[in-house]
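Here is the structure we will look at, set down as structure tokens.
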Amino acid sequence: MNIIPRAAVINDLSGFGRVSLTEAIPVMSAMGIEVCPLPTAVLSTHTYNFKNYTFCDMTDEMQKIIEHWKALNLHFDAIYSGYLGSRNQIDIIRRFIDESGRDAVVVVDPVLGDNDLDCTQAVYSERMRDILGGMKELVCAADVITPNLTEACLLLDEDYIAHPLSDSELCGMLRRLSYLGAEKVAITSVMTSTGEMSVGAYDKAENKYYKIDCGYVDRPFHGTGDIFASVLTGALLKGESFIDAANIAVGFIRRAIALTQQLGENKIERGVIFEPVLAPYFSGTKSEKYYKIING
Ligand code: PXL
């Protein structure tokens, strides 16, 4: 461990729209983590609902950044990846993990899309099929994975589940994802049969399955998956257990969503207003307990 836990955070930098690095850096820094960003692309906005966004691919730079970090002999306590734009980038990150991730916690947020619609696109576009193939390999190298429900179905080659999930369906899906290799699995954006939006979590070592209640969410909010994975990684680095780290992440998102609704931010592509929540949240406030064991 470094004095301040250090994380290599591999994600895109989207100028407007609150996703990826513009969430990971402030959130994890506020948690007391040293964030070393490895940008996969630089965009004017994220790609959801915006037209004519700019996109600068950073693949060549990524390789150079990694080489320089290697020369500096940097030690990372976590390697955390999000949006990767090509199969080539996935291979670069896979090598980076193999070479420098020996005692780092490896968190892979397998960003592939959201909602059934995106799922369909992901299966039919050749580029996305390539990325999906790469992601399936990358998740094998992870200690922790955080797919949303769409991504979970894609990784498992299963049809998207449009109906609310029963606890046993959720547990089955968590278990099947864990067979891909990661010890700890969280599935976000799960509508459960009891009506609440939830995160499902499974810790293989403990053999316990959890459902974390995200409260009432009246529409999809953009960028919450990135916040979830960022807070989770930060909390793991601060020594929290997996379930407590996931619970802290859900608690933070619940507050950001509540504030976003209260302030009337009504464009889903702008993401959730998290900035005013950030400082007080991480200065000693205790998170409420939103989870319960649903198996094990
Ligand atoms: O939040 C996922 C994400 C990350 N990066 C970019 C995106 C999206 C989702 O749309 O467009 C560039």
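Every number for a ligand or one of its atoms is a count from 1 in the order of the listing. Computed from heavy atoms alone, side chains included, the values below leave out hydrogens, waters and symmetry copies.
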* According to the side-chain hydrogen bond (donor to acceptor under 3.5 Å, both in side chains) rule, which pairs have a member within residues 176-186, sequence neighbours left out? ->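 Every pair satisfying side-chain hydrogen bond (donor to acceptor under 3.5 Å, both in side chains) with a residue in residues 176-186: Glu158-Arg176, Lys184-Asp203.
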
Checking the side chain of [X] only, and the main-chain atoms of [Y] only, is there a donor and an acceptor separated by less than 3.5 Å?
{"X": "Gln89", "Y": "Gly85", "result": "yes"}
{"X": "Thr260", "Y": "Ile273", "result": "yes"}
{"X": "Asp77", "Y": "Val105", "result": "no"}

* **Residues in contact with ligand 1, criterion: heavy atom under 4.0 Å** =>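 Residues near ligand 1: Asp12, Ser14, Val19, Ser20, Leu43, His46, Thr47, Tyr48, Tyr83, His222, Asp226.
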
* Asked: Tyr202 vs Tyr209 aromatic rings, parallel, tilted or perpendicular, using cut-offs 30° and 60°?
  ->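 Because their plane-to-plane angle is under 30°, the rings of Tyr202 and Tyr209 count as parallel.
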
* Do Thr47 and Tyr53 meet the criterion of a side-chain donor-acceptor pair at a distance under 3.5 Å? ->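 Not at all, the side chains of Thr47 and Tyr53 share no donor-acceptor pair under 3.5 Å.
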
